[in-house]
Amino acid sequence: MIDLVAQSLFSGVLSGAYYALIALGLALVFGTMRVINLAHGELVLLGAYISYTAEEKLGLDPLASLPLALTLVVATAMAVYYLISLIKTDRELNSLILTFGIGVILTNAVLMIWSADIHSTTTPWYHDATILFDTLFAMQAELVFAALGIVLVGAVWWWLEKSWYGRALRAVASNRDAAKLMGVNPQLTEVLSFAVSGLLATVAGVAIYTAKVIQPSLGHHLTVKAFIITVLAGMGSVPGVLLGAVLLGVVESLTVTLASSALQELAGMVLFLVVLLLMPSGLFGRAKRRG
Amino acid sequence: MLLDLDGITVAFGGLIAVGDVTFAMAEGDVLGLVGPNGAGKTTLFNAVSGLVRPTRGQARFLGRDLVAMPIHARARAGIGRTFQVPQPMHELTVRENLMVASRFATGRIDRERIAEILDLLKLGHKADADAATSLALTEQKALEVGKALATNPKLLMLDEVLAGLETAGKRAFMHTLAEVRQRYGLGLLIIEHDIETITRLCPRVVVLNFGRLIAEGSPDHVFNDPEVIRSYTGGEAA
Ligand SMILES: Nc1ncnc2c1ncn2[C@@H]1O[C@H](COP(=O)(O)OP(=O)(O)O)[C@@H](O)[C@H]1O
Ligand SMILES: [Mg+2]
């Protein structure tokens with residue numbers, strides 16, 4: 001029993017790493033544009049399917065398919081950005097309807113192109129088991145992408161903290177008009193946040209393709225998870241996103257182990273409601289935060 | 001001309017916040033903008049800095065048409081302003097605030113100028129503190145001025161930066177402003193309620209009431225104008 005719990009904690013942490021990639025992208029776009037991109041999970045899914053096709057048709061290893069997947073997903077993210085930028089009034093509200101619609105279209109496109117079958121990588125190495133500390137089990141894919149995920153989250157954190165464009169992004173997220181008056185072009189930061197969000201989504205997609213299974217309806221669930229994590233984190237703190245992601249991963253994994261896999265999605269929702277009721281500004285959010 | 005406003009009108013629905021305002025400033029001019037609460041002073045700043053779009057009228061800055069220019073481009077062109085209510089950036093330190101302004105408005109980080117600004121505004125000891133949480137009100141106001149100065153403006157618009165300060169604080173800040181102007185040779189457009197302050201700082205004043213320009217001239221002339229006195233004592237502008 002102890003072993004089982006330890007194992008599910010460990011698996012939860014591993015899932016948390018790619019959840020964090022998805023949530024960070026959603027949070028970045030929300031920070032700079034005040035837009036909740038409801039098609040974000042579909043971008044992740046698109047990355048996963050491109051990796052599948054690259055493996056199936058071109059014989060590319062999933063990791064080697066990253067450049068191709070990145071190009072196509074980031075291009076799609078730019079198209080989503082372009083459509084959002086056409087909204088002239090009430091962007092925060094109207095973008096919900098727009099991105100929801102884009103999500104539905106993308107899901108159906110995936111269904112048409114790739115059918116409803118489920119897929120996972122056929123490169124055996126990714127599914128090979130590794131045993132850590134004599135008791136904890138992980139697939140190679142989980143370890144590789146957990147490591148990559150943490151490195152990427154760290155890199156984005158560094159970029160936001162220390163680079164000029166990162167600081168500009170934070171300035172726009174913090175106070176849009178004041179940032180413009182400092183000479184920051186808000187469109188540039190919006191494009192950047194969408195591009196980075198597409199990049200993170202792609203890596204998460206390939207992680208899911210190698211460590212889990214993919215199917216066309218997955219995108220929507222991923223968006224919901226990313227949203228839950230972002231709210232848990234209190235909007236806009238990178239370490240908060242990572243911790244929120246791990247927390248969601250662990251709660252889901254414990255629910256599956258101790259109760260039933262049918263309750264996995266529900267567990268996240270319950271966690272979300274509990275935090276929202278008890279700590280409205282998130283687990284790591286500040287009480288005083290604009291917007 | 002540094003700033004040239006011609007018939008600027010800003011309407012919010014039926015409310016004319018700024019009505020047909022025309023005046024000009026030459027480079028290096030110091031101009032006071034006064035008038036009772038709600039007269040349209042801040043709205044005029046918003047129109048010049050790009051936060052609201054005038055309903056009618058022409059605005060030129062160093063000969064360039066402002067009306068269609070986005071806000072960040074105005075900042076790069078040399079328009080700096082402060083907000084009546086300080087608008088610090090979360091998660092940026094005081095120094096980072098100035099560095100972002102310097103980097104994005106001028107294209108390069110002028111560390112020397114930033115150090116000078118921190119020094120002038122007596123923010124040196126708070127340079128690495130979080131701008132949103134660790135500054136007293138006077139320091140927040142100083143940071144507002146600092147952010148604007150870091151963009152290397154040719155026109156600095158100050159929206160009630162002295163309001164709420166003690167007499168001694170006011171004196172010190174006025175002294176700082178005089179130093180800033182001397183060092184950087186910029187034009188100042190100053191919104192201020194206190195008549196004594198305006199009289200000391202500004203050789204020329206324009207007065208708004210209900211959005212209209214009702215008087216213009218030296219402080220002596222303007223503050224003895226019966227219409228201005230009436231507007232200040234709460235009567236309807238005739
Ligand atoms: N965004 C806005 N929408 C509607 N009315 C506004 C807006 N901004 C200012 N006003 C109104 O315009 C008038 C002028 O306001 P303001 O420029 O702030 O005056 P002042 O700075 O001189 O005190 C006021 O009646 C104010 O309520
Ligand atoms: Mg005002």
Side-chain angles (χ1 to χ4, degrees), chain A residues 24 27-28 30-34 85 88-89 91 156-193 230 233-241 281-282 284-291, chain B residues 42 45-46 48-52 69-93 95-110 114 130-133 140 143-153 155-157 159:
Chain A
L24 192 52
L28 272 176
F30 180 78
T32 48
M33 295 187 82
R34 303 280 127 179
S85 72
K88 293 291 175 242
T89 56
R91 188 161 78 172
V156 170
W157 190 23
W158 185 90
W159 179 70
L160 285 172
E161 287 294 316
K162 295 291 173 214
S163 76
W164 290 109
Y165 285 95
R167 286 181 172 116
L169 225 77
R170 285 191 286 143
V172 168
S174 163
N175 190 327
R176 204 178 168 79
D177 281 337
K180 292 188 211 168
L181 287 164
M182 288 156 92
V184 176
N185 178 352
Q187 266 116 356
L188 189 66
T189 65
E190 292 173 358
V191 167
L192 271 173
S193 66
T230 311
M235 293 292 179
S237 125
V238 176
V241 166
S281 55
F284 317 99
R286 295 184 190 156
K288 201 181 70 154
R289 190 170 256 287
R290 240 178 58 104
Chain B
T42 297
F45 269 26
N46 289 343
V48 173
S49 57
L51 271 68
V52 302
M69 202 187 281
I71 299 173
H72 67 274
R74 296 183 199 215
R76 290 174 189 178
I79 296 178
R81 74 166 286 182
T82 67
F83 284 96
Q84 201 167 346
V85 179
Q87 309 276 318
M89 301 286 180
H90 292 277
E91 295 163 13
L92 293 184
T93 66
R95 192 194 305 278
E96 281 178 323
N97 266 278
L98 304 191
M99 285 163 93
V100 168
S102 177
R103 167 69 180 73
F104 286 92
T106 72
R108 70 181 198 93
I109 298 154
D110 190 340
I114 289 170
D130 184 287
T133 55
Q140 288 179 29
L143 177 60
E144 278 294 299
V145 177
K147 277 192 299 187
L149 281 177
T151 65
N152 208 351
L155 169 67
L156 177 58
M157 304 194 289
D159 197 347

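First the proteins, then the strands, lettered A, B, ... as listed; each starts at 1. FYI, side chains are in, hydrogens and waters are out, and symmetry mates aren't considered; it's all heavy atoms of this structure.
Using a 4.5 Å heavy-atom threshold, the side chains of R170(A) and E96(B) count as touching. Side-chain atoms of M182(A) and N97(B), non-hydrogen and from C-beta on, do get closer than 4.5 Å to each other.
Interface remark: S49(B) contributes backbone and side-chain atoms alike to the contact with chain A (heavy atom separation under 4.5 Å).
For R74(B), the side-chain contact (heavy atoms from CB on, under 4.5 Å) criterion is met by L66(B), M69(B), I79(B), not counting sequence neighbours.
A distance of 11.5 Å separates CG in L51(B) from CZ in R176(A), rounded to the nearest 0.5 Å. Atoms OG1 and CZ, from T189(A) and F104(B) in turn, are 9.0 Å apart once rounded to the nearest 0.5 Å.
Among all heavy-atom pairs drawn from V184(A) and H72(B), the shortest one is O-CB, 3.3 Å. Considering all non-hydrogen atoms of both residues, G183(A) and R76(B) come closest at O-NH2, 2.8 Å. The minimum heavy-atom distance between L181(A) and T151(B), with the atom names listed, is O-CG2, 3.8 Å.
Chain B is approached within less than 4.5 Å, heavy atom to heavy atom, by E161(A), W164(A), Y165(A) from residues 158-166 of chain A, ordered by number.
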